Asker: 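Structure below; questions to follow.
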Amino acid sequence: NEAAKVTASRPLDMTETLVFIIVDYMLDHNGYGYSTQISEYVVNNYPRRYTSREVVGILRNRPMFCHAQTNERRAGKKWRLDLLGWERYLQNSKSKGLENKSKEWGLEEKVQKLKMNQISETLDALKSLEPSTLDQVYSVISQVWS
């Protein structure tokens with residue numbers, strides 16, 4: 001029990017903190033972000049801690065960050081936060097106490113809000129369809145969830 005208290009109160013290391021900062025940013029932006037915008041946000045708000053290269057490295061090397069399906073490249077590549085990937089990441093890192101840190105940061109509430117928003121948008125998109133082909137239905141859903 002003593003070890004659990006020590007683990008829970010231990011601060012995140014710099015890499016895990018950067019992951020949390022990026023996840024928090026993406027949750028505030030409907031689960032998406034362009035690499036340049038994310039990097040600018042992190043570097044401007046944490047100038048002595050992180051570089052753009054570190055941000056892009058995290059985006060490329062963490063399983064919860066995926067390329068979004070888009071041809072638009074206005075501010076670097078568009079990234080999507082995979083909410084199920086984020087939950088697996090937290091569960092696989094129980095020894096680091098990341099689930100508790102996620103709650104402390106308020107990320108759990110933001111994840112639930114985003115999930116509800118995405119489900120609502122999907123239902124609205126499906127309601128707007130008249131009798132359609134399978135391809136049309138799939139196209140509408142993929143635009144909401146891409």
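Side chains included, hydrogens not; waters and symmetry mates left out as well; all remaining heavy atoms used. Keep in mind that what you see is a predicted model, and the values were worked out from it rather than measured.
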Asker: If you take all heavy atoms of Gly31 and Leu114, which pair is closest and at what distance?
Answerer: CA-CD2, 3.7 Å

Asker: Is Val56 linked to Tyr46 within one hydrophobic cluster, defined over Ile, Leu, Val, Met, Phe, Trp and Tyr using a side-chain heavy-atom separation of less than 4.5 Å?
Answerer: no

Asker: As an exercise, state the distance from CG of Asp24 to OG1 of Thr17, rounded to the nearest 0.5 Å.
Answerer: 12.0 Å

Asker: Do you reckon Met14 sits in the same ILVMFWY cluster as Val23, going by side-chain contacts under 4.5 Å, direct or chained?
Answerer: yes

Asker: Check the pair Lys77 / Leu59 against side-chain contact (heavy atoms from CB on, under 4.5 Å), numbers first and verdict last.
Answerer: CA-CA 10 Å; Lys77 289 184 179 177; Leu59 289 169; over 6 Å; no

Asker: Kindly state whether the ring of Phe65 and the ring of Trp86 have centres lying under 6.0 angstrom apart.
Answerer: no

Asker: Minimum heavy-atom separation for Gly76 to Thr36, with atom names?
Answerer: N-OG1, 3.6 Å

Asker: Checking side-chain contact (heavy atoms from CB on, under 4.5 Å) for the pair Tyr41/Val55: CA distance, chi angles, key distance, verdict?
Answerer: CA-CA 10 Å; Tyr41 170 80; Val55 172; over 6 Å; no

Asker: List the residues meeting side chain to side chain donor-acceptor pair (under 3.5 Å) with Glu121, not counting sequence neighbours, and say none if there are none.
Answerer: Asn117

Asker: Passes side-chain contact (heavy atoms from CB on, under 4.5 Å), Tyr25 versus Val42? Steps please.
Answerer: CA-CA 9 Å; Tyr25 175 90; Val42 172; over 6 Å; no

Asker: Could you tell me which non-hydrogen atom of Glu16 sits nearest to which non-hydrogen atom of Leu12, and how far apart they are?
Answerer: CB-CD2, 4.0 Å

Asker: Tell me whether Gln112 at atom CD has more than 12 heavy atoms from other residues, nucleotides or ligands lying less than 6.0 Å away.
Answerer: yes

Asker: Within this structure, what is the CD-CG distance for the pair Glu99 and Asn92, rounded to the nearest 0.5 Å?
Answerer: 9.5 Å

Asker: Is there a chain of hydrophobic side chains (I, L, V, M, F, W, Y, each step under 4.5 Å between heavy atoms) that links Leu27 to Ile58?
Answerer: yes

Asker: If we ignore hydrogens and angles and just use 3.5 Å, is the side chain of Ser39 paired with the main-chain N or O of Ser35 as donor and acceptor?
Answerer: yes

Asker: May I ask you to decide if Leu107's main-chain N or O and Ser102's side chain share a donor-acceptor pair within less than 3.5 Å?
Answerer: no

Asker: Check whether Glu54 reaches the backbone of Thr51 with its side chain - one donor and one acceptor, N or O, closer than 3.5 Å.
Answerer: yes

Asker: In terms of relative ring orientation, are Trp79 and His67 parallel, tilted or perpendicular, with 30° and 60° separating the classes?
Answerer: tilted

Asker: Would you sort out whether Ile21 and Trp105 count as a side-chain contact (heavy atoms from CB on, under 4.5 Å), showing the intermediate values?
Answerer: CA-CA 9 Å; Ile21 292 167; Trp105 279 53; 3.8 Å; yes

Asker: To the closest 0.5 Å, what do you measure between CG (Leu83) and CE (Met64)?
Answerer: 11.0 Å

Asker: In the single-linkage hydrophobic clustering (I, L, V, M, F, W, Y; side-chain heavy atoms under 4.5 Å), do Tyr50 and Val43 co-cluster?
Answerer: no

Asker: If every non-hydrogen atom of Asp82 is compared with every non-hydrogen atom of Cys66, which pair is closest and at what distance?
Answerer: CB-SG, 3.9 Å

Asker: Do Asn30 side-chain atoms and Tyr32 backbone N/O form a donor-acceptor pair below 3.5 Å?
Answerer: no

Asker: Any chance NZ of Lys113 has more than 12 other-residue heavy atoms, nucleotides or ligands included, within less than 6.0 Å?
Answerer: no

Asker: Per the side-chain hydrogen bond (donor to acceptor under 3.5 Å, both in side chains) rule, what does the pair list look like for residues 55-64, sequence neighbours excluded?
Answerer: Arg62-Tyr89

Asker: Do you know the tightest heavy-atom contact between Leu81 and Met26?
Answerer: N-CE, 3.5 Å

